[in-house]
Amino acid sequence: MAKTRHRVDFLVLGSGAAGLSFALQVADFGSVAVITKDQASESNTQYAQGGIAAVMDAADSFENHVRDTLVAGVGLCDEDVVRTIVGDGPLEIKRLIDEGAVFSSKNGSLHLGREGGHGESRIVHAADTTGEVVEETLLDRVRKHPNIQMLEHCFALELITDHHLGQHVSKVRPDIKCFGAYVYNERADAVETWLAKTTMLATGGAGQVYLHTTNPSVATGDGVAMAYRAKARVANMEFVQFHPTSLFHEDARSFLISEAVRGEGAILLNKAGDRFMVDYDPRQELAPRDIVARAIDNQLKTRGDSHVWLDISHKPAQSVRDHFPRIYSRCLEVGIDITKDKIPVVPAAHYMCGGVFTDVDGQTSIEHLLACGEVACTGLHGANRLASNSLLEALVVGHRSAQRAIELVKTSSWMEEVPDWDDGGTTHPAEWILISHNRDELRRIMWDYVGIVRSKLRLERASRRIDLLYEETEAFYRRSRVSVGLCEVRNMIAVAYLVIRSASIRRESRGLHYITDFPDLVENERRMTLI
Ligand code: FAD
Ligand code: SIN
């Protein structure tokens, strides 16, 4: 492979809301490269439906939004972080509007939607395609900025740290530094060395680790895995959020039915036609997500049904079509008219509340490495994320971490001693079946044993099986030339390991982590899980 070296001030890994908003803020202060593994728009951001939670109405208050976030997070949110992020929300909405985003409005004011866990209507949205509007707005600005290069189909393989200089780092040390990243350029079939004064990790979530997920195929947890291998601190990985209502249809994999549909009055029914949420929580369909997802899971398991129904057909048809044009048309494609028919839904893995541990300015435990968005764990979400708080976090922390990065590059230089990627002794793999089999097996293990309801026995089983997959995949990796498929499986295994290990450490049930052996909330266990 040809060896290529690049030098930039700011290296951004990932092109969702977090990476793009960071890139835009730092671009006037130095050279920026945005590395992204697919086409630039392919991200969780692109598929966001419900919207962005922010206090935009005089009847609402920061205090209310903070309270709802803390309640959803079940005692594990960092209250200072919550106050900072909630407080910066309106500014970020204004910034997006100034940059060209058009959100739904009514009588000249923003139309504010409602979602589970929110005591007020405070969801700024663009009908049910908010993510597309945010992504396109930011991408358009990024593409026009002369200091930003966008590199598509480039896969970040490893963060470069002291370890690559031959200084082996055996445990978490406060003085590990990041010097950039090794990036596999798919089109050139070459691993390139990107030296950077500051690296922003914004690679998003890891929903693909589960068999059923709302996330697109790029969401394989690469950032958390890379950071973990680089010995960064990783936090709260047991808190995987399952969205209660993903469309159950063989021709429509991974399609979300937004919580905003319940916010507009949709109800959940079991196959017998009973409105079962009344038996689980006084907030019924608008209880926080963990409660609704567990209630559906319980209905499916006790009744032996394949799905439950979500019904909005009692609302005026035109208003349903206006509010949810994307959901209406996607369901119609598979023969479901949501203005007349009930929608078959099941829970699916949706959001990783844990991730690379950072402060509210995106600083990780590694110097010159920042992280932001779904890959990070700032303390905003605690044990369960409040709906529509993640785009908010990506935008606010993207902005704040840019201020940190601008200061950092002023006193930094490139580490020229970094060696190029060494792929000596490796060959193109002939055993592709091993990779695809291990990927499928991993996703099924996680779904069956590390899902909505866990037990010690299931976690132990999952752990044994993941160990085996790890050994096989590592052996394969050591003798193979780099490929995206292989690296993704390797990263997914690392994420699975972190989720299982974190879940095994927590000896209580809290928020999204429910384990039958420890069904109660335990005050003594109220702390982050740090690895
Ligand atoms: P992403 O938007 O996922 O971007 C990550 C980027 O990193 C992508 O470009 C990806 O290709 C790239 N990448 C990943 N690995 C690598 C690698 N190894 N090398 C190079 N590039 C890499 N949140 C809300 O607040 N409101 C909502 O309404 C909402 N709706 C949602 C609906 C759906 C269907 C889904 C899936 C999520 C939703 N979420 C919502 C969650 C929210 O969209 C995400 O948490 C948020 O967009 C994450 O932004 P991000 O920039 O951190 O990551
Ligand atoms: C949804 O629209 O239901 C998703 C909102 C979110 O994940 O925050």
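Whatever order the structure lists ligands and atoms in, that order sets their numbers, starting from 1. Since the model is a prediction, treat every value here as computed from it, not as a measurement.
Protein residues with a heavy atom under 4.0 Å from ligand 1 are Gly14, Ser15, Gly16, Ala17, Ala18, Ile35, Thr36, Lys37, Glu42, Ser43, Asn44, Thr45, Tyr47, Ala48, Gln49, Gly50, Gly51, Cys154, Phe155, Ala156, Ala202, Thr203, Gly204, Thr214, Asn215, Val218, Asp222, Leu256, His350, Tyr351, Gly373, Glu374, Arg385, Ser388, Asn389, Ser390, Leu391. In this structure, ligand 2 sits under 4.0 Å from heavy atoms belonging to Gln49, Gly50, Glu115, His243, Leu256, Ser258, Glu259, Arg289, His350, Arg385, Ala387, Ser388.
Remark: Arg326 engages Glu132 in a salt bridge, criterion side-chain N to carboxylate O under 4.0 Å.
A donor-acceptor pair under 3.5 Å is absent between the side-chain atoms of Asn491 and the main chain of Gly221, judged by distance alone.
For residues 204-213, every residue pair satisfying the side-chain hydrogen bond (donor to acceptor under 3.5 Å, both in side chains) rule, not counting sequence neighbours, is listed here: Gln208-Arg443.
Ring planes of His111 and His125: perpendicular class, angle over 60° (limits at 30 and 60°).
Of the N and O atoms on the side chains of Tyr280 and Gln299, at least one donor lies less than 3.5 Å from an acceptor on the other residue. Side-chain contact check for Lys37 and Thr220: at least one donor-acceptor pair (N or O, by modelled atom type) lies under 3.5 Å. A donor-acceptor contact closer than 3.5 angstrom is absent between the side chains of Asp128 and Ser258. For Arg233 and Thr364, the side-chain atoms include no donor-acceptor pair closer than 3.5 Å.
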Report all side-chain donor-acceptor pairs from residues 348-355 shorter than 3.5 Å, counting only partners two or more places apart or in another chain.
| from | atom 1 | to | atom 2 | distance (Å) |
| --- | --- | --- | --- | --- |
| His350 | ND1 | Thr214 | OG1 | 2.6 |
| Tyr351 | OH | His381 | NE2 | 2.9 |

